[in-house]
There are 2 protein chains.
Amino acid sequence: MPPFALNDFLPYRLAVAAARVSRAFERRYMAETGLSVSEWRVMAHLLHEGEVSVREIEARVDMEKSKVSRAASRLEADGMITKVVNPDDRRLVSLSLTDKGRALMDKLIPMANTFQAELKALLGPDVDQFDTALSTIMKDKL
Amino acid sequence: MPPFALNDFLPYRLAVAAARVSRAFERRYMAETGLSVSEWRVMAHLLHEGEVSVREIEARVDMEKSKVSRAASRLEADGMITKVVNPDDRRLVSLSLTDKGRALMDKLIPMANTFQAELKALLGPDVDQFDTALSTIMKDKL
DNA sequence: GGTTATTCATTGCACTTGCAACAAAGTCAA
DNA sequence: TTGACTTTGTTGCAAGTGCAATGAATAACC
C-alpha cells in the first residue's frame with residue numbers, strides 16, 4: 001500500500017478545481033450582479049427554457065428542490081422572476097424571467113461566455129477530453 | 001449571440017461532476033465512518049504529513065482556516081486527533097492522529113483507493129488529460 | 001364516487017459555511 | 001523595555017444547505 005497522498009486523489013483534485021472555477025466566476029461576475037451560484041443556475045435555465053416549474057429545474061440543473069425553491073423566492077423578491085401557480089395543475093409553480101431578469105441576463109451571458117472562453121484557453125488542447133470526461137461522470141450513476 | 005445553454009457551460013459541468021463524485025464517495029465510504037469531507041481532508045493530510053498546524057493545512061488542503069479549525073475540533077471530540085499547543089510558538093496548534101484515528105484511516109484508505117480506481121476506469125483513456133487539466137486549473141490563479 | 005397513494009412545493013430544524021472581529025502570541029525596531 | 005505591527009487560531013453572526021415533515025393538489029384504484 002503506497003502512502004496515501006491527498007493531492008493525488010482524483011476526487012479531491014476534482015473538488016478543488018471545481019471550487020476554484022466556481023469561486024472565480026462568482027467573484028468576477030456574479031458578485032456585482034448580486035446573484036449566487038444557485039440563483040445563476042435558475043436564471044440561466046429560465047433564459048434557455050422559458051416558463052418552467054420547480055421540479056423541472058430540480059431535474060435538469062442538479063439542485064435539490066428546496067434549494068431551487070429558496071433560490072426562486074429570493075429571485076422573486078429581487079424582481080428577477082415571477083412565480084405563478086399553474087392553472088392546469090395547481091401543484092406546479094411556473095417560474096419565468098421578468099424584464100428586469102432578462103436585462104440582467106443580457107449583461108451576464110456575455111460575461112459567462114468570456115469566462116468560459118478563458119477557461120478553455122487555459123486548458124488548451126486538453127479541453128476536449130476534459131469535457132468528455134465530465135460528460136462521462138455526469139451520465140454515470142456512480 | 002448563441003442561445004446560452006447551461007448544460008454546455010464548462011464551469012457548470014465541472015461543478016456538477018465534482019459534486020457527483022464527492023457525494024458518491026461520501027455516501028459509499030465516509031458516511032459509515034461518520035466523517036465529513038472536511039474532516040476527511042484533515043485526516044488524510046495528517047496521515048501523510050504527521051504533526052501539522054492549522055495554518056499548514058489551510059495552505060495545503062484548500063480550506064479556510066475556520067473550516068479547518070472546526071473540523072479539527074469535531075475530530076478531537078471524536079477522539080480521532082489531538083490538538084496540542086506548540087511550545088516553540090504558542091500561537092500554533094499541532095494536530096496529529098490518535099491511534100483511533102490511524103485505525104480509521106487504515107480502513108478508509110483502501111476504500112479511497114478502490115473508489116479512485118473505479119473512477120479512473122470509468123473515465124478510461126481520457127483520464128490522463130483530465131488529470132492534466134485539473135492540474136492546470138489548480139495551479140492557475142484564475 | 002370515495003378512499004388511498006402519489007406528486008409538488010414549501011418550511012422547520014439542525015448543521016455547515018464564509019467572513020469579519022477578536023484575543024493571544026510573537027516579531028521588530030527604536 | 002516599550003509600543004506598533006503581524007500572525008495564528010477561534011468564535012459570533014448571518015446566510016445557505018440537506019433532509020424530513022408538512023399541506024395542498026392530483027392520480028389511481030376499487
Side-chain angles (χ1 to χ4, degrees), chain A residues 15-16 18-20 22-28 30-31 34-43 45-46 51-78 81-96, chain B residues 15-16 18-20 22-28 30-31 34-43 45-46 51-78 81-96:
Chain A
V16 171
R20 291 257 172 103
S22 203
R23 169 151 295 217
F25 182 50
E26 202 170 6
R27 284 235 144 88
R28 279 170 59 178
M30 283 156 25
L35 286 190
S36 70
V37 173
S38 303
E39 290 154 7
W40 152 256
R41 286 192 189 175
V42 170
M43 296 281 284
H45 193 65
L46 288 180
E51 204 163 324
V52 160
S53 70
V54 169
R55 106 173 193 290
E56 194 70 18
I57 297 184
E58 177 190 12
R60 302 277 256 64
V61 173
D62 200 66
M63 285 170 62
E64 288 269 320
K65 60 181 175 180
S66 64
K67 205 173 170 182
V68 175
S69 175
R70 288 196 251 244
S73 295
R74 288 192 299 264
L75 289 169
E76 188 191 28
D78 292 342
I81 70 171
T82 57
K83 289 168 53 178
V84 180
V85 172
N86 184 327
D88 293 335
D89 183 342
R90 298 176 46 212
R91 292 170 301 181
L92 302 180
V93 176
S94 285
L95 309 180
S96 50
Chain B
V16 171
R20 291 258 171 102
S22 203
R23 168 151 298 218
F25 182 50
E26 203 169 6
R27 283 236 145 86
R28 280 169 59 178
M30 282 155 26
L35 285 191
S36 71
V37 173
S38 303
E39 291 154 7
W40 152 256
R41 285 193 189 175
V42 171
M43 295 281 284
H45 192 66
L46 288 180
E51 203 162 324
V52 160
S53 69
V54 169
R55 108 174 194 286
E56 195 69 16
I57 296 183
E58 178 191 11
R60 302 279 253 67
V61 173
D62 200 69
M63 286 170 62
E64 288 268 321
K65 61 182 177 178
S66 64
K67 206 173 168 182
V68 175
S69 175
R70 281 166 173 142
S73 294
R74 289 191 298 265
L75 289 169
E76 187 191 29
D78 292 343
I81 69 171
T82 56
K83 289 166 55 176
V84 180
V85 172
N86 184 327
D88 294 335
D89 182 342
R90 299 178 45 212
R91 293 170 302 181
L92 302 180
V93 176
S94 285
L95 309 180
S96 49

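To find a chain, count down the sequence lines: A is the first, B the second, and so on, and within it residues start at 1. Below, all heavy atoms of this structure are taken into account, side chains as well, without hydrogens, waters or symmetry copies. As the structure is a prediction and not an experimental result, all values here were calculated from the model.
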**Request:** Specify the closest pair of heavy atoms between A:A15 and B:R41, including all atoms of both residues, with the distance to one decimal.
**Result:** CB-NH2, 3.6 Å

**Request:** Name the first nucleotide and the last nucleotide along DNA chain C (5' to 3') that come under 4.0 Å of a heavy atom in chain A.
**Result:** C:dT7 to C:dC19

**Complete:** In 5'-to-3' order, the base (B), backbone-only (S) or no-contact (-) status of each nucleotide in nucleotides 13-29 of chain D, using a 4.0 angstrom heavy-atom cut-off, is B---BBB-----BS---

**Item:** side-chain hydrogen bond (donor to acceptor under 3.5 Å, both in side chains) against A:S22, all qualifying residues, sequence neighbours excluded
**Value:** none

**Item:** Partner set under side-chain hydrogen bond (donor to acceptor under 3.5 Å, both in side chains) for A:S94, not counting sequence neighbours
**Value:** A:E51

**Message:** Counting the atoms with a prime plus P, OP1 and OP2 as sugar-phosphate, which does A:S53 contact under 4.0 Å by heavy atoms, base, sugar-phosphate, or nothing?
**Reply:** sugar-phosphate

What side-chain donor-acceptor pairs closer than 3.5 Å can you find for residues 83-90 of chain A, not counting sequence neighbours?
| unit_1 | atom_1 | unit_2 | atom_2 | d |
| --- | --- | --- | --- | --- |
| A:K83 | NZ | A:S73 | OG | 3.3 |
| A:N86 | OD1 | A:D88 | N | 2.8 |
| A:N86 | OD1 | A:D89 | N | 3.4 |
| A:D89 | OD1 | A:R91 | N | 3.1 |
| A:D89 | OD1 | A:R91 | NE | 3.1 |
| A:D89 | OD2 | A:R91 | NH2 | 2.9 |

**Request:** For B:R70, check side chain to side chain contact (heavy atoms under 4.5 Å, CB included) against everything at least two apart and list the hits.
**Result:** B:S66, B:R74

**Request:** Only counting residues at least two apart or in another chain, list the ones meeting side-chain hydrogen bond (donor to acceptor under 3.5 Å, both in side chains) with A:R23.
**Result:** none

Contacts under 3.5 angstrom, residues 55-62 of chain B side chains, donor-acceptor by atom type, not counting sequence neighbours:
| unit_1 | atom_1 | unit_2 | atom_2 | d |
| --- | --- | --- | --- | --- |
| B:D62 | OD1 | A:R20 | NH2 | 3.3 |

**Asked** Quick one: is D:dG9 close enough that its OP1 or OP2 comes under 4.0 Å of any side-chain N or O from B:S69?
**Response** no

**Fill in**
Correct closest heavy-atom pair for A:A72 and A:L95 would be CB-CD1, 4.0 Å

